[in-house]
Visitor: 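Take a look at this one; I'll ask things after.
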Amino acid sequence: WRVKEKLWDMDFKDIGYISKGALEPGKLRIQSDGLAFKSVSTGRVVQLKHSDIDAVEWLRVARGRGVKVLSREGHVFKFDGFKDSDYEDLKDFFKQHFGKDLKEVEFCVKGWNWGEPVFKGSLLSFLVDSKPAFEIPLSEVSRVTSGKNEVSLEFHQSE
């Protein structure tokens, strides 16, 4: 007989997965071996193994708080709908089971639509006063055109 290692987990029922600018409602389970999101509308499942996670960040987002997960391959996974009270439990869980610090990130809220471009993996961030103003996953960009002093980005259509 083989005894499986006990998996520790956290379940969140009213969480949104942000994909191509759209919020997909669903459930998120974070276990000691990774995380999985399941859409309540389409049944689509997004999974990420513990060993594939490079960093985790705690963000202020539209519906309260969010978690951004950066994979070792440079992919970005954003989840929306957490409460302020979830922070300590998530911080402890990520540290204990993933060996990652849940870094709190403060965004610039000046309302500017430009900034200093910074590339990290497949994520383009625009910094204003050394804080991210907004971020664009490059996998969502379908076309880029440049002018004398500006760049225009076109995005893939949401499914």
Side-chain angles (χ1 to χ4, degrees), residues 10 12-31 33-84 86-87 90-91 93-94 98-147 149-159:
M10 297 180 77
F12 298 92
K13 293 182 181 177
D14 189 24
I15 297 295
Y17 172 60
I18 302 170
S19 176
K20 295 184 181 174
L23 186 67
E24 194 172 337
K27 300 175 182 179
L28 178 68
R29 172 171 278 179
I30 305 172
Q31 294 184 307
D33 65 344
L35 58 86
F37 171 85
K38 183 173 184 181
S39 169
V40 293
S41 56
T42 65
R44 176 172 92 141
V45 175
V46 176
Q47 293 182 307
L48 192 59
K49 293 179 184 174
H50 158 268
S51 58
D52 293 336
I53 295 174
D54 187 43
V56 288
E57 297 178 350
W58 180 251
L59 317 166
R60 183 173 305 282
V61 292
R63 297 188 328 157
R65 292 295 188 156
V67 171
K68 180 171 77 174
V69 180
L70 302 155
S71 77
R72 294 195 188 286
E73 292 81 33
H75 300 289
V76 178
F77 302 86
K78 288 185 178 180
F79 303 97
D80 187 346
F82 294 94
K83 298 175 183 80
D84 284 327
D86 295 327
Y87 176 73
L90 283 165
K91 182 176 114 174
F93 192 92
F94 281 119
F98 292 25
K100 305 291 179 195
D101 290 320
L102 183 59
K103 179 182 171 189
E104 195 162 356
V105 175
E106 185 179 333
F107 278 84
C108 177
V109 292
K110 287 186 174 182
W112 296 356
N113 64 352
W114 57 273
E116 177 187 341
V118 175
F119 292 91
K120 181 175 181 184
S122 64
L123 185 68
L124 169 60
S125 298
F126 288 89
L127 303 181
V128 175
D129 296 334
S130 300
K131 296 179 188 173
F134 59 95
E135 301 173 324
I136 301 170
L138 296 177
S139 61
E140 296 179 12
V141 175
S142 64
R143 183 175 156 186
V144 178
T145 55
S146 62
N149 294 319
E150 63 187 31
V151 174
S152 297
L153 305 174
E154 292 181 26
F155 301 95
H156 297 291
Q157 296 295 314
S158 294
E159 299 168 359

Visitor: Looking at side-chain heavy atoms only, is the closest gap between I30 and V67 below 4.5 Å?
Guide: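 No - every pair of side-chain heavy atoms lies 4.5 Å or more apart.
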Visitor: Would you list the atom pairs, donor with acceptor, under 3.5 Å between side chains in residues 47-56 and any protein atom, with sequence neighbours excluded?
Guide:
from, atom 1, to, atom 2, distance (Å)
H50, NE2, H97, O, 3.0

Visitor: How long is the gap from NZ on K120 to OG on S125, to the nearest 0.5 Å?
Guide: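 So the gap between those two atoms works out to 9.0 Å.
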Visitor: So do the side chains of F98 and F93 get within less than 4.5 Å of each other, counting heavy atoms only?
Guide: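 The answer is yes, as the side chains (C-beta and beyond) meet within the 4.5 Å cut-off.
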Visitor: Quick check: do K110 and D129 have side-chain heavy atoms less than 4.5 Å from each other?
Guide: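 Answer yes - side chains close enough.
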Visitor: For a 4.5 angstrom cut-off between non-hydrogen side-chain atoms, does S19 reach R44?
Guide: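 Contact flag for S19/R44 side chains = yes.
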Visitor: Assess whether atom NZ of K27 is packed by more than 12 heavy atoms of other residues, nucleotides or ligands within 6.0 Å.
Guide: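 Not buried by this count: 12 neighbours or fewer within 6.0 Å.
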Visitor: Grab the two heavy atoms, one from L102 and one from K91, that are nearest each other, plus how far apart they are.
Guide: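 The pair with the smallest heavy-atom distance is CD2-N, 3.7 Å.
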Visitor: Decide yes or no for L28 and F82: does some side-chain heavy atom of the first lie under 4.5 Å from some side-chain heavy atom of the second?
Guide: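 Answer yes - side chains close enough.
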Visitor: Where do E104 and R65 land on the side chain to side chain contact (heavy atoms under 4.5 Å, CB included) test, with the steps shown first?
Guide: CA-CA 10 Å; E104 195 162 356; R65 292 295 188 156; 3.8 Å; yes
Visitor: Determine the sole option in E73, K68, R72 for which the side chain to side chain contact (heavy atoms under 4.5 Å, CB included) test with L70 is passed.
Guide: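 That would be K68.
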Visitor: Would you find a donor on one side and an acceptor on the other, under 3.5 Å apart, between the side chain of S122 and the backbone of G74?
Guide: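 A pair under 3.5 Å: yes.
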Visitor: Can you name the nearest heavy-atom pair linking P137 to L123, along with the distance?
Guide: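 Where P137 meets L123 most closely, the heavy atoms are N-CD1, 3.8 Å.
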Visitor: Work out which heavy atom in A133 is nearest to a heavy atom in V128; give both atom names and the distance.
Guide: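 Closest approach of A133 to V128, heavy atoms only: CB-CG2, 3.8 Å.
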Visitor: Please give me the minimum heavy-atom distance between S139 and H156, naming the atom from each residue.
Guide: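 Shortest heavy-atom separation between S139 and H156 comes out as O-CD2, 3.2 Å.
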Visitor: State, yes or no, whether a side-chain contact exists between V105 and W58 at a heavy-atom distance under 4.5 Å.
Guide: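 Not in contact.
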Visitor: With side chains defined as the heavy atoms from C-beta onward, is the minimum distance between F37 and L35 less than 4.5 Å?
Guide: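 Answer no - side chains too far apart.
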Visitor: Under a 4.5 Å cut-off applied to non-hydrogen side-chain atoms, are Y17 and S39 in contact?
Guide: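 No. Closest side-chain heavy atoms not under 4.5 Å.
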Visitor: Taking all non-hydrogen atoms of both residues into account, name the closest pair between L124 and P117 and its distance.
Guide: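 Of all heavy-atom pairs spanning L124 and P117, the closest is CD1-CB, 3.9 Å.
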